[in-house]
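The block underneath contains the structure these notes are about, expressed in structure tokens.
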Amino acid sequence: ADVAAVPPERIFHVQLADGPAQAPADLAVEAVSGRLPPGQGEFALDRLVPLLPAHARIAVEAPFAAPAGATALERGRILVAATRALLAGG
């Protein structure tokens, strides 16, 4: 569905995730580790974010394969940095 066609008052919460344009064969693996931080995949998040109303809550939902040995804090920092870059427009 086209997000631009949704009345802004109907958008309350948005989960951002990124990934490849083509779904992988194993959707179970993708669901737990195959996504990417926002802005690092092929989803058109840079076109989605400007369409979101100011009142909408934004959450990051990106179970991704972090660098080996990364702590929870380091994984969180990767997601925060990626999300900030996306929201800043680049």
Side-chain angles (χ1 to χ4, degrees):
D2 187 353
V3 174
V6 178
E9 63 274 9
R10 300 209 50 195
I11 300 174
F12 297 100
H13 182 85
V14 176
Q15 288 182 307
L16 297 178
D18 216 334
Q22 293 295 322
D26 190 339
L27 295 179
V29 170
E30 188 272 341
V32 296
S33 65
R35 301 201 183 134
L36 296 170
Q40 294 185 5
E42 297 175 342
F43 298 170
L45 298 179
D46 59 330
R47 294 196 318 255
L48 169 69
V49 169
L51 300 175
L52 301 177
H55 67 266
R57 292 180 303 268
I58 298 175
V60 175
E61 191 271 326
F64 70 107
T71 66
L73 181 59
E74 291 164 337
R75 292 189 313 270
R77 286 181 174 152
I78 290 168
L79 291 173
V80 167
T83 303
R84 283 184 174 157
L86 173 68
L87 296 177

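What's counted below: heavy atoms across the whole structure, side chains too, no hydrogens, waters or symmetry copies.
- Both Leu86 and Phe43 are assigned to one and the same hydrophobic cluster, defined by single-linkage of ILVMFWY side chains at heavy-atom distances under 4.5 Å.
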One pair to check against side chain to side chain contact (heavy atoms under 4.5 Å, CB included): Leu16 and Val14. What are the steps and the verdict? CA-CA 6 Å; Leu16 297 178; Val14 176; 4.1 Å; yes

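- Using modelled atom types, no side-chain atom of Glu42 and backbone atom of Pro20 make a donor-acceptor pair closer than 3.5 Å.
- For the pair Ala31 and Pro63, the tightest heavy-atom approach, listed with the atom from each and the gap, is O-CG, 3.2 Å.
- Looking only at side-chain heavy atoms (C-beta outward), Pro37 and Phe64 come within less than 4.5 Å of each other.
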For a quick test of your reading: what N or O donor-acceptor pairs under 3.5 Å do the side chains of residues 44-51 make, sequence neighbours left out?
none

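- A distance of 11.5 Å separates CD of Gln15 from CD1 of Ile58, quoted to the nearest 0.5 Å.
- Checked by atom type and distance alone, the side chain of Asp18 pairs as donor or acceptor with a backbone atom of Gly39 at under 3.5 Å.
- For the atom pair CG of Leu79 and CZ of Arg35, the computed distance is 12.5 Å after rounding to the nearest 0.5 Å.
- Closest approach of Ala82 and Gln40 over heavy atoms only: CB-NE2, 3.7 Å.
- The cluster map of Ile, Leu, Val, Met, Phe, Trp and Tyr, joined by side-chain heavy atoms under 4.5 Å apart, puts Leu87 and Val3 in the same cluster.
- Expressed to the nearest 0.5 Å, how far CZ of Arg77 lies from OG1 of Thr71 amounts to 7.5 Å.
- In this structure the side chain of Pro24 never reaches within 4.5 angstrom of the side chain of Val29, judged on heavy atoms.
- Checking side-chain atoms of His55 against main-chain N and O of Pro8 turns up a donor-acceptor pair under 3.5 Å.
- Proximity of Val80 to Ile78: side-chain heavy atoms (C-beta onward) are nowhere separated by under 4.5 Å.
- Atom CD of Gln22 has 12 or fewer heavy atoms from other residues, nucleotides or ligands within 6.0 Å.
- Closest of all the heavy-atom pairs between Leu36 and Gly41 is CD1-CA, 3.6 Å.
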